[in-house]
Amino acid sequence: QQAMALLAEAHDRGSLGTGTVNAAINACEQSLRWQLALVLLESLLEGQPYPDEISYCATIGACAAATEWAKALELSKDFTSAATLSAAMVACEVRGAWEQALALL
């Protein structure tokens, strides 16, 4: 909740950057609020600042923490990098979906 308050404050000041949003997405992972992480990622996709690899990895991590491995896989296809694929594989591992993890290789 504190991270969300800081995010709103940064938005109001006009100093909202990708790093600030990424920090909020990380807080979502810690609190298992994967839907909010997706909303924050979507907000980056709709304008500036733009999402980066960290944005996607953090959102995939939030999905993985909440055992939403299918959504994590979907996100890894939107921004493909070694880091996002690794994060998606961890999400599959958490769920025991080893076949999906192998398909990422």
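What you see is a predicted model, and the numbers here were worked out from it, not measured in a lab. We use all heavy atoms of the structure for the numbers below, so side chains are in, but hydrogens, waters and symmetry mates are not.
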Filter on salt bridge (Lys or Arg N to Asp or Glu O under 4.0 Å), then keep only pairs touching residues 51-72, sequence neighbours left out; what's left? Lys71-Glu74
Atom pair CG (Asp78) and OG (Ser55), whose distance is rounded to the nearest 0.5 Å: 12.5 Å
For Phe79, what are the other residues in its hydrophobic cluster, where any two members join if their side-chain heavy atoms are less than 4.5 angstrom apart? Trp34, Leu38, Leu41, Leu45, Tyr56, Ile60, Leu75
Among all residues two or more places apart in sequence or in another chain, which pass the side-chain contact (heavy atoms from CB on, under 4.5 Å) test with Glu29? Asn26, Ala62, Ala65
What pair of heavy atoms forms the shortest contact from Ser76 to Thr84, and how long is it? CB-O, 3.9 Å
Apply side-chain contact (heavy atoms from CB on, under 4.5 Å) to Thr59 and Leu40, showing your working. CA-CA 9 Å; Thr59 306; Leu40 292 170; over 6 Å; no
With a cut-off of 6.0 Å (strictly less than), are more than 12 heavy atoms of other residues, nucleotides or ligands near CG of Leu104? yes
Check: Ser31 side chain, Ala27 main-chain N or O, donor-acceptor pair, under 3.5 Å: yes
With rounding to the nearest 0.5 Å, note down the distance linking CG in Leu102 to SG in Cys92. 9.0 Å
Residue pair Ala37 / Ile25: nearest heavy atoms and the distance that separates them: CB-CG2, 4.0 Å
Taking all non-hydrogen atoms of both residues, which atom of Ala88 and which atom of Ala72 are closest, and how far apart? CB-O, 4.1 Å
